[in-house]
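Remarks on the structure that follows.
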Amino acid sequence: MLDLKFVRENPDAVRAGALKKRLPDRAAAVDKALAIDAELRAMLPRLDAMRSEQKNAGKEMGKLSPPEREAFLVKQKERKVELQAHEEKEKQLRADLDVQMGLIPNVPDSDVPEGKDDSENVEVRRIGTVRQFGFTPKAHYEIGEAQGWLDFNRAAAMAGSRNYILFGDLALLHDAVLRYAVDLLVARGFTPIDPPLLVRDAAMFGTGFFPGGEEQTYRCEKDGLNLIGTSEVPVTSLHGGEMMSEDQLPKKYVARSACFRREAGTYGKDTRGLYRVHQFHKVEQVIVDVGDKARSIQHHHEIVKNAEDMLQAFELPYRVVAVCGGDLGVPQAMKYDIETWMPSRNGYGETHSASRFYDYQARRLDLRYRQKEGGKATYCHTLNNTVAASPRILIPLLENHQQPDGTIMVPPALRPYLGGRAVLGKPVF
RNA sequence: GGUGGGAUGGCAGAGUGGCCGAUUGCGGCGGUUUUGAAAACCGCUGUGCCCUAACGGGUACCGGGGGUUCGAAUCCCUCUCCCACCGCCA
């Protein structure tokens, strides 16, 4: 949610922002919101005056003698009828305004590149050397199935397409990665969280996934609850409705959770392997801090670095891209993706997504703090980034560290989580 | 699942139809006192919206929504959440 005052004063910038995100419908919401706002403001002085009149007249009532009251009552009832019509109108306008305001996207920051989709994201840096194999490398699913680590057929039989089952060492590697990610962030001062996986609509709306993301979300209609697609939703919502004191900030959280995505509209896309699946596990970092732009940008770099440090420890080549306007989500002001080298794709595949929102989510969540200086109630800023999403991260781990016989070299950083083992699997090729 | 009790400002906690945007305490801010600090004392201290150049004024908000009434924090309905007890289950 943007500040209504800001929208009123900068309609062109807000409209241009929606268009930079390639969201013309949402740009139209700007004009609708402003039209409703104008109509509302036109009636407010009159409405307030009527209320004032009725209120004051009502106060006199108690002091009047019974016969005087009778006459007064007639007059007051007339006022009431007239007021009710206006209040009805006001309520309708406010409800309509809320809908339109909820549709207006966050304005992309100036460092967001122009572009229509992910093909126009801009590479910021490229780290690590892509390995030259002395043999023909296998895809992760070939290795996984040969090792008996992966079963897509049985998964599909019991749970439908885009599902998987991990067995044996791959199940252990999956867990090892997630534990490493949590430990890394805890060592850096983040508070670990095990959040709810089913949340109310308010949390989905507050983080900006609704309206718009309903088709991507598994919903338990009976209970009005939604399965989270990322722990960003419960963790960012954690302090929603609260008034924190400035000393409590920043809040830094790292959550490990299962995530669920319907992947509607992706038929035929990334159908093989572990890349695009309905259910996965993710370690996510979330920061809530004061409403200061420079500080948000500083945090943004910090959370990207946390993820980069993990990839470097895993000895995986990757690149960081600045996500262009057309590939940016509704609530984000700016986003970096990290893409890790995946030999089977002969390219970099997205493994991380780091967003900053400024106060967009905080406004929707009513997430505020009281400033130390002056005591003013102010909206927080929020940010988040993946630390590790698995099994997707298993793709580069298996593929980049494979050996000709189908066994996998374990990067030293992960060995303590695997009983000290340096190699997983047995020769299968 | 059943029964009963609750939800009030940053926090705690009064308030059962007009005198209540709301007593009081804590916290916070400012001041007096002090070499400085603490303590004590005095004053100030919710948020949104509208009007105003400003001073200031108006209005809405007592968990959410609806209703009764000239008038609702207060009465009624409903939803959500919290607490207690019973049942069931892990």
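All values below come from the heavy atoms of this structure, side chains included, with hydrogens, waters and symmetry mates left out. Computed from a predicted model, the values in this text were never measured in an experiment.
Of the listed nucleotides (B/G10, B/C51, B/U59), B/C51 has the atom at the smallest distance from the side chain of A/Pro45. Here B/G58 is the nucleotide among B/C51, B/G10, B/G58 with the atom lying nearest to any side-chain atom of A/Asp48. The side chain of A/Arg200 sits closest to B/C81 out of B/U47, B/C81, B/G66. In this structure, of B/U47, B/C50, B/G71, it is B/G71 that holds the atom nearest to the side chain of A/Gln54. Between B/A60, B/C49, B/C70, one nucleotide has an atom nearer to the side chain of A/Leu44 than all others, and that is B/C49. Of the candidate nucleotides B/U69, B/C51, B/G46, B/U69 has the atom lying nearest to any side-chain atom of A/Lys80. For A/Arg51, the side-chain atoms get nearest to B/U59 when compared with the rest of B/C49, B/G46, B/U59. The side chain of A/Lys77 lies closest to B/C70 when the candidates are B/U59, B/C70, B/C50. Checking B/C49, B/U47, B/G58 against the side-chain heavy atoms of A/Ala377 singles out B/U47 as nearest.
Atom C1' of B/A72 sits at a distance of 39 Å from the matching atom of B/A53, rounded to the whole Å. Using C1' as the reference atom, B/U24 and B/G15 are 11 Å apart when rounded to the nearest Å. As rounded to the nearest Å, B/G28 and B/A37 have P atoms that lie 16 Å from one another. To the nearest whole angstrom, the two C1' atoms, one in B/G10 and one in B/G27, are 8 Å apart. Across the C1' atoms, B/U52 and B/U59 are found 15 Å apart, a figure rounded to whole Å.
Applying the ring pair (Phe, Tyr, Trp, His ring centres under 6.0 Å) definition to pairs two or more places apart or across chains, none involves residues 40-60 of chain A. Sorted by first and then second residue, the pairs that involve residues 280-301 of chain A and meet ring pair (Phe, Tyr, Trp, His ring centres under 6.0 Å), not counting sequence neighbours, are A/His174-A/His281, A/His300-A/Tyr336.
Among residues two or more places apart in sequence or in another chain, the ring-ring contact (aromatic ring centres under 6.0 Å, His included) test is passed with A/Phe210 by none. Annotation: side chain to side chain contact (heavy atoms under 4.5 Å, CB included) contacts of A/Tyr218 (sequence neighbours excluded): A/Leu227, A/Phe260, A/Arg262, A/His278. Taking A/Glu232 as the reference, A/Gln361, A/Asn384 meet the side chain to side chain donor-acceptor pair (under 3.5 Å) condition, with sequence neighbours excluded.
In summary, the side chains of A/Tyr318 and A/Glu339 do not present any donor paired with an acceptor at a separation below 3.5 Å, with no hydrogens or angles considered.
When each of A/Glu88 and A/Ala49 is assigned the nucleotide of RNA chain B bearing its nearest heavy atom, the one mapping closer to the 5' terminus is A/Ala49.
Consecutive Watson-Crick or G-U pairing (both distances under 3.5 Å) extending over three or more pairs maps onto RNA chain B as B:1-7 with B:80-86, B:10-12 with B:24-26, B:27-32 with B:40-45, B:46-51 with B:56-61, B:63-67 with B:75-79.
Residue-level contact check: A/Lys91 touches the backbone only, with heavy atoms under 4.0 Å from sugar-phosphate atoms and none from bases. Within the nucleic acid shown, A/Arg8 comes within 4.0 Å of sugar-phosphate atoms alone, with no base atom in reach, counting heavy atoms only.
Between A/Asp25 and A/Lys32 no salt bridge is recorded (no basic side-chain N to carboxylate O distance below 4.0 Å).
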